[in-house]
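Data block below; observations after.
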Amino acid sequence: MRTPCRACALGAGYVAIVAERMSRGGSALPRIVNAGVNGNRVRDLSPRLTDDVLSHHPDVVSIGIGVNDTWRRFDRDDETPGELFEAGYREVLDALDAEGLHPGSIVFVEPFLLPVRDEHVAWLADLEPKIEIVRRLARESGGVLVPVDTVLRAAAATAGRAALAPDGVHPSPAGHEIIADAWLDATRSLRGSPGVG
């Protein structure tokens, strides 16, 4: 999550919404740096971790990764099996631990997919084990889980999947609002932290 120009540096998605909502409370807004990169997979995180995240000395790190690991299997025949997904995620967690980041200050954002095309059924079979890995790692580490897949699926039951993610993967403005709500609800206990990254 990045700062100089808040509006442009945070993007137009849930991170910007989270920052805007946190600023409403009247207290000082923590420095938020959006280090997310579109298209990244779990294997892309470790090489970027030092420069893009740790150099900011974060008190909280939020990790949202996984759907591109599934997507690349189906559009480029480049699979990330569950054991490699978990190993890559654990590599990031080990690096954060080595930097002294308390496990309770790591936010695990579930990857999600809202099937809007017939082919997405096969995608779900690949993604669901990755979602379970994220949930398990959050439990094992004592981190904070943001149940994005769970809340978006529930909301899609009334709003419709395409209304929340027109292509099933990229959230619409309404989808980003729901993700921001889930992130803020899940991280309520971390609000006293001076920096969220």
Side-chain angles (χ1 to χ4, degrees), residues 1-40 42 44-45 48-49 51-68 89 92-93 96 99 101-114 131 134-135 137-138 141-156 159 161 163-197:
M1 304 190 273
R2 283 188 221 281
T3 39
C5 158
R6 271 230 158 100
C8 50
L10 295 178
Y14 79 91
V15 176
I17 296 167
V18 164
E20 188 276 325
R21 290 190 188 165
M22 289 177 80
S23 71
R24 291 181 192 166
S27 57
L29 180 65
R31 188 168 80 104
I32 298 175
V33 178
N34 185 349
V37 174
N38 290 336
N40 264 194
V42 74
D44 299 312
L45 298 184
R48 298 192 310 106
L49 193 63
D51 290 344
D52 292 357
V53 178
L54 298 177
S55 65
H56 297 284
H57 309 288
D59 296 306
V60 174
V61 173
S62 182
I63 305 169
I65 198 78
V67 73
N68 290 319
Y89 214 116
V92 171
L93 297 177
L96 295 174
E99 288 293 317
L101 199 65
H102 184 272
S105 61
I106 299 172
V107 180
F108 295 76
V109 180
E110 286 180 353
F112 78 92
L113 173 68
L114 295 177
I131 294 169
V134 171
R135 290 172 179 162
L137 291 173
S141 69
V144 175
L145 178 68
V146 182
V148 171
D149 183 68
T150 304
V151 298
L152 282 176
R153 285 189 194 208
R161 298 175 197 152
L164 302 181
D167 65 355
V169 173
H170 298 97
S172 66
H176 279 294
E177 291 280 346
I178 291 167
I179 295 169
D181 288 341
W183 197 95
L184 288 165
D185 286 347
T187 62
R188 197 172 309 279
S189 64
L190 300 176
R191 291 301 154 65
S193 299
V196 178

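Quick note: residue numbers are just sequence positions, from 1.
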### Query
Hey, does the side chain of His102 reach the backbone of Gly104 with a donor-acceptor pair shorter than 3.5 angstrom?
yes

### Query
Going by heavy atoms in the side chains, are Ile179 and Pro171 under 4.5 Å from each other?
yes

### Query
Who passes side chain to side chain contact (heavy atoms under 4.5 Å, CB included) against Ala174, sequence neighbours left out?
Leu164, Ser172

### Message
List the residues meeting side chain to side chain donor-acceptor pair (under 3.5 Å) with Asp44, not counting sequence neighbours, and say none if there are none.
### Response
none

### Task
Indicate the atoms forming the closest heavy-atom contact of Ile32 with Leu10, along with that distance.
O-CD2, 3.7 Å

### Query
How far does CG of Leu54 sit from CD of Glu99, to the nearest 0.5 angstrom?
4.5 Å

### By salt bridge (charged side-chain N to carboxylate O under 4.0 Å, His left out) - contacts of Glu20 (at least two apart)
Arg24

### Query
Looking at residues at least two apart in the chain, or sitting in another chain, which of them share a side chain to side chain contact (heavy atoms under 4.5 Å, CB included) with Ser55?
none

## Note on the structure
Sorted by chain and residue number, the side chain to side chain contact (heavy atoms under 4.5 Å, CB included) partners of Val151 (sequence neighbours excluded) come out as Pro147, Ile178, Ala182

### Message
Evaluate Leu93 against Ile63 for side chain to side chain contact (heavy atoms under 4.5 Å, CB included), listing each step before the verdict.
### Response
CA-CA 10 Å; Leu93 297 177; Ile63 305 169; 4.1 Å; yes

### Gap between atom CD1 of Ile106 and atom CG of Leu137 - 0.5 Å precision
10.0 Å

#### Entry: Minimal non-hydrogen separation, Pro111 against Asp149, with atom names
O-CB, 3.4 Å

### Query
CE of Met22 to CG of Leu184: how many Å apart, nearest 0.5 Å?
7.0 Å

### Query
ring-ring contact (aromatic ring centres under 6.0 Å, His included) with Phe112: which residues, sequence neighbours excluded?
none

### Message
Quick test of your reading of the model: are Arg48 and Asp51 salt-bridged, counting only N-O distances below 4.0 Å?
### Response
no

### Message
Distance check, rounded to the nearest 0.5 Å: Ser62 atom OG versus Tyr14 atom OH?
### Response
4.5 Å

### Query
Which atom pair, heavy atoms only, marks the closest approach of Thr150 to Arg135?
OG1-NH2, 3.3 Å

### Query
Can you name the nearest heavy-atom pair linking Leu49 to Val92, along with the distance?
CD2-O, 4.1 Å

#### Entry: side chain to side chain donor-acceptor pair (under 3.5 Å) against Asn68, all qualifying residues, sequence neighbours excluded
none

### Query
In chain order, what residues pass the side chain to side chain contact (heavy atoms under 4.5 Å, CB included) check against His170, with sequence neighbours excluded?
Trp71, Asp167

### Message
Donor-acceptor pair, distance only, cut-off 3.5 Å: does the side chain of Arg31 make one with the backbone of His56?
### Response
yes

### Summary
In terms of heavy-atom contacts, Val144 and Ala186 come closest through CG1-O, 3.1 Å

### Query
Where do Tyr89 and Val134 come nearest, in terms of heavy atoms and distance?
CE1-CG2, 3.7 Å

